[in-house]
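Every chain is numbered from 1 and lettered A, B, ... according to where its sequence line falls, protein lines coming before strand lines.
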2 protein chains.
Amino acid sequence: MDAFPSRKTLPRLDESLLSHLPPFSRLEKRQIRTILDQASSRRYDAGIAIFEEGHPADRFYMLLDGYVRVVRITPTGEQVTALHIPPGQLMGIARAIGRDTYPATAMTASESLALSWPMHLWDSFVAEFDGFATESYKTLGQRLGEVQNKIVEMATQQVEQRVANALLRLVNQTGRRVENGIEIDFPITRQDLSELTATTLHTVSRLLSGWERQGLVESRRKRIVVRDPHAMVVLSQK
Amino acid sequence: MDAFPSRKTLPRLDESLLSHLPPFSRLEKRQIRTILDQASSRRYDAGIAIFEEGHPADRFYMLLDGYVRVVRITPTGEQVTALHIPPGQLMGIARAIGRDTYPATAMTASESLALSWPMHLWDSFVAEFDGFATESYKTLGQRLGEVQNKIVEMATQQVEQRVANALLRLVNQTGRRVENGIEIDFPITRQDLSELTATTLHTVSRLLSGWERQGLVESRRKRIVVRDPHAMVVLSQK
DNA sequence: GGTGCTTTTTGCTCTGGCGCAAACTTCTGC
DNA sequence: GCAGAAGTTTGCGCCAGAGCAAAAAGCACC
């Protein structure tokens with residue numbers, strides 16, 4: 001995956017790219033072809049805003065590769081990460097929830113690849129393709145669930161547990177087996193983790209140092225390997 | 001509103017009851033009649049669970065009167081309120097987001113009245129009534145937004161600001177003008193407020209006492225009157 | 001009008017984790 | 001290979017707010 005031209009239709013995109021993804025999974029090859037032919041494809045560097053809170057919602061996206069943080073920015077400039085979007089999910093589907101601006105900013109957590117379509121196609125997709133809407137709304141429901149979990153976590157757990165939980169979630173979503181454990185598959189800083197868990201990078205750093213001393217994790221700059229997921233689970237539940 | 005029989009079709013319910021509410025607003029009188037004829041109506045005391053997290057989602061609801069707290073309960077039994085639902089909104093529409101159990105518990109915050117339909121009617125409503133789905137999903141989007149706001153609040157604001165914000169939100173949603181200010185229109189305890197703002201009832205009590213001394217609010221048992229909403233707004237923003 | 005329950009208030013103590021500051025490490029570009 | 005930037009670690013002091021405890025105030029029911 002290198003040097004994709006910016007937002008340009010890629011006629012060579014294969015139907016199999018979408019055929020196993022929920023919103024398209026029930027469609028015929030021909031229908032997927034139609035959808036793909038109307039899509040633009042674009043590569044994004046890490047740390048880039050794909051779309052921004054408050055801006056007119058003119059396109060919606062399908063994340064094909066990479067990870068995206070859903071971020072809200074406070075009046076004082078602090079960033080709060082509401083959730084992570086894994087590859088294979090729709091993003092920015094403002095139209096689906098009756099909004100004409102994006103309700104949050106989507107920042108790439110790693111180098112990413114996404115398809116996008118003009119927002120007005122949303123309505124045609126919903127109208128033309130059976131099951132498209134239904135499947136898309138599941139994504140929405142899942143996110144509502146995640147966000148509510150997060151509220152419960154923030155309300156009831158200590159920082160240590162929250163960070164442990166966040167780590168576990170990332171490992172589950174994006175973990176890759178390596179020799180001495182499971183590695184989070186994209187570059188993540190202490191700062192990122194702190195924004196995800198509503199704490200400071202200092203506290204996260206202290207926690208990770210502690211865990212490293214106990215052999216629970218192993219970390220280099222921007223990389224974290226969880227050596228003992230089980231002990232981590234124990235930590236995360238009080 | 002007294003002595004409604006439990007879950008029984010009320011043939012006398014008027015079409016105008018629903019005709020101004022978003023999911024039904026574009027429908028014809030005849031269609032609304034059809035919908036009403038299939039509805040059950042029921043009155044709930046305050047503090048009752050209308051449906052519970054994890055239970056099979058067999059009915060969906062339209063809240064007509066009263067207020068409902070969307071609550072999640074932790075393994076240790078603590079309650080966290082994710083949001084309040086005002087009259088005129090759908091609740092428990094698990095089917096819409098592809099779930100077959102309710103994702104949270106709906107507790108009445110005050111005596112309430114709701115219509116309900118068997119969940120399988122959801123699909124027919126969506127199929128038969130134009131705009132029904134679209135309008136319903138707006139509710140969902142709005143809630144996702146509220147919940148995200150809450151995360152941001154919890155992550156960045158102090159307890160005092162959070163409580164002030166919660167109070168303001170309640171006043172806006174449910175406020176009723178009284179002689180010396182605006183009163184929250186249903187019984188709300190310090191405990192409720194603390195669950196809403198992720199703090200303890202002690203802290204809430206201390207804050208309210210302080211504000212009362214400054215003439216900002218006025219409160220009796222289970223009742224809160226905001227005397228100076230403007231000063232409250234100032235408080236809420238840092 | 002008294003008994004018991006629920007809700008509220010207030011005092012005191014203790015601590016998790018934030019803020020500040022500074023040093024150290026790792027990476028990037030030239 | 002060096003300079004500067006980006007990311008990380010660690011020490012120290014402080015305080016918002018939780019936890020604990022106990023009393024006071026309101027309310028409901030007999």
Side-chain angles (χ1 to χ4, degrees), chain A residues 45-48 74 76-80 109-111 153-167 184 186-214 216-225 235-236 238, chain B residues 45-47 74 76-80 109-111 153-167 184 186-214 216-225 235 238:
Chain A
D45 284 328
I48 296 293
T74 67
T76 61
E78 290 159 287
Q79 294 192 2
V80 180
S110 59
E111 192 183 14
E153 241 178 57
M154 286 178 59
T156 59
Q157 305 188 324
Q158 313 252 94
V159 169
E160 180 171 41
Q161 299 162 49
R162 297 211 301 271
V163 175
N165 264 315
L167 232 42
I184 293 172
F186 62 87
I188 184 163
T189 67
R190 311 289 187 259
Q191 174 77 30
D192 291 338
L193 258 178
S194 75
E195 281 166 12
L196 195 56
T197 52
T199 177
T200 60
L201 83 157
H202 306 277
T203 300
V204 170
S205 175
R206 278 180 251 268
L207 285 172
L208 283 178
S209 300
W211 292 342
E212 184 132 30
R213 253 173 261 125
Q214 296 165 48
L216 270 171
V217 303
E218 201 167 289
S219 73
R220 325 173 235 326
R221 178 185 242 231
K222 288 194 179 188
R223 296 251 141 232
I224 301 176
V225 177
L235 250 186
S236 75
K238 198 188 152 14
Chain B
D45 284 329
T74 67
T76 62
E78 290 159 287
Q79 294 192 4
V80 180
S110 60
E111 192 183 12
E153 241 178 58
M154 287 178 60
T156 59
Q157 303 188 324
Q158 314 253 95
V159 169
E160 180 170 41
Q161 298 162 49
R162 295 211 302 269
V163 176
N165 264 316
L167 232 43
I184 292 173
F186 61 88
I188 183 164
T189 66
R190 310 287 187 260
Q191 173 78 30
D192 291 338
L193 258 179
S194 74
E195 281 167 11
L196 196 54
T197 51
T199 176
T200 60
L201 82 158
H202 306 277
T203 300
V204 169
S205 176
R206 279 181 250 267
L207 285 172
L208 283 177
S209 300
W211 292 342
E212 185 133 30
R213 253 172 262 127
Q214 297 166 48
L216 269 171
V217 303
E218 200 168 289
S219 72
R220 325 174 236 325
R221 180 185 240 236
K222 289 195 180 190
R223 297 251 140 234
I224 301 175
V225 178
L235 251 186
K238 197 186 151 24

Quiz item: Has B/Ser205 got a side-chain N or O lying under 4.0 Å from the OP1 or OP2 atom of C/dT10?
Solution: no

Quiz item: Just how far, in rounded Å, is C1' of D/dA16 from CD of A/Gln158?
Solution: 14 Å

Quiz item: With respect to the phosphate group of C/dT9, does any side-chain polar atom (N or O) of B/Arg190 fall under 4.0 Å of OP1 or OP2?
Solution: yes

Self-check item: Pairwise distance CG(A/Leu193) to CD1(A/Ile224) - rounded to 0.5 angstrom
Solution: 5.0 Å

Self-check item: Length of the line joining B/Leu201:CG and D/dC20:C1', which is rounded to integer Å
Solution: 12 Å

Quiz item: Is there a donor-acceptor contact under 3.5 Å linking the side chains of B/Thr197 and B/Thr199?
Solution: no

Quiz item: In Å, rounded to the nearest 0.5 Å, how long is the span from CD1 of B/Ile184 to OG of B/Ser219?
Solution: 10.0 Å

Self-check item: Rounded distance in Å - CH2 (A/Trp211) to C1' (D/dT8)
Solution: 16 Å

Quiz item: Roughly, in whole Å, what's the span from CG in A/Leu207 to C1' in C/dG16?
Solution: 11 Å

Quiz item: Would one find a side-chain N or O of A/Thr199 under 4.0 angstrom from OP1 or OP2 of C/dG17?
Solution: no

Practice problem: Could you check B/Glu160, B/Glu153, B/Met154 and say which one makes a side-chain contact (heavy atoms from CB on, under 4.5 Å) with B/Gln157? | Solution: B/Glu153

Self-check item: A/His202 (side chain) and D/dT8 (base): donor-acceptor pair under 3.5 Å
Solution: no

Quiz prompt | Distance in angstrom units between B/Lys222 NZ and C/dT8 P, rounded | solution = 8 Å

Quiz prompt | Short side-chain N/O contact from A/Thr200 to OP1 or OP2 of C/dC18, under 4.0 Å | solution = yes

Exercise. Among the candidates C/dG17, C/dT7, D/dA16, find the nucleotide nearest to the side-chain atoms of B/Arg221.
Key: C/dT7

Quiz item: If you check the A/Arg206 side chain, which of C/dG17, C/dC12, D/dT10 turns out closest?
Solution: D/dT10

Quiz item: To the nearest Å, how far apart are A/Gln191 CD and D/dT8 P?
Solution: 9 Å

Exercise. Can you tell me the distance, in whole Å, between the CZ atom of B/Arg162 and the C1' atom of D/dG17?
Key: 10 Å

Exercise. Ignoring backbone atoms, establish whether A/Arg223 has a side-chain N or O less than 4.0 Å from OP1 or OP2 of C/dC27.
Key: no

Self-check item: Student check: side-chain heavy atoms of A/Leu208 and A/Leu167 closer than 4.5 Å
Solution: yes

Exercise. Give one of base, sugar-phosphate or nothing for A/Leu208, where a contact means two heavy atoms less than 4.0 Å apart.
Key: nothing

Quiz prompt | Closest to the B/Thr189 side chain, choosing from D/dG7, C/dT7, D/dT9 | solution = C/dT7

Quiz prompt | Distance, rounded to the nearest Å, where A/Leu193 contributes CG and D/dT8 contributes P | solution = 9 Å

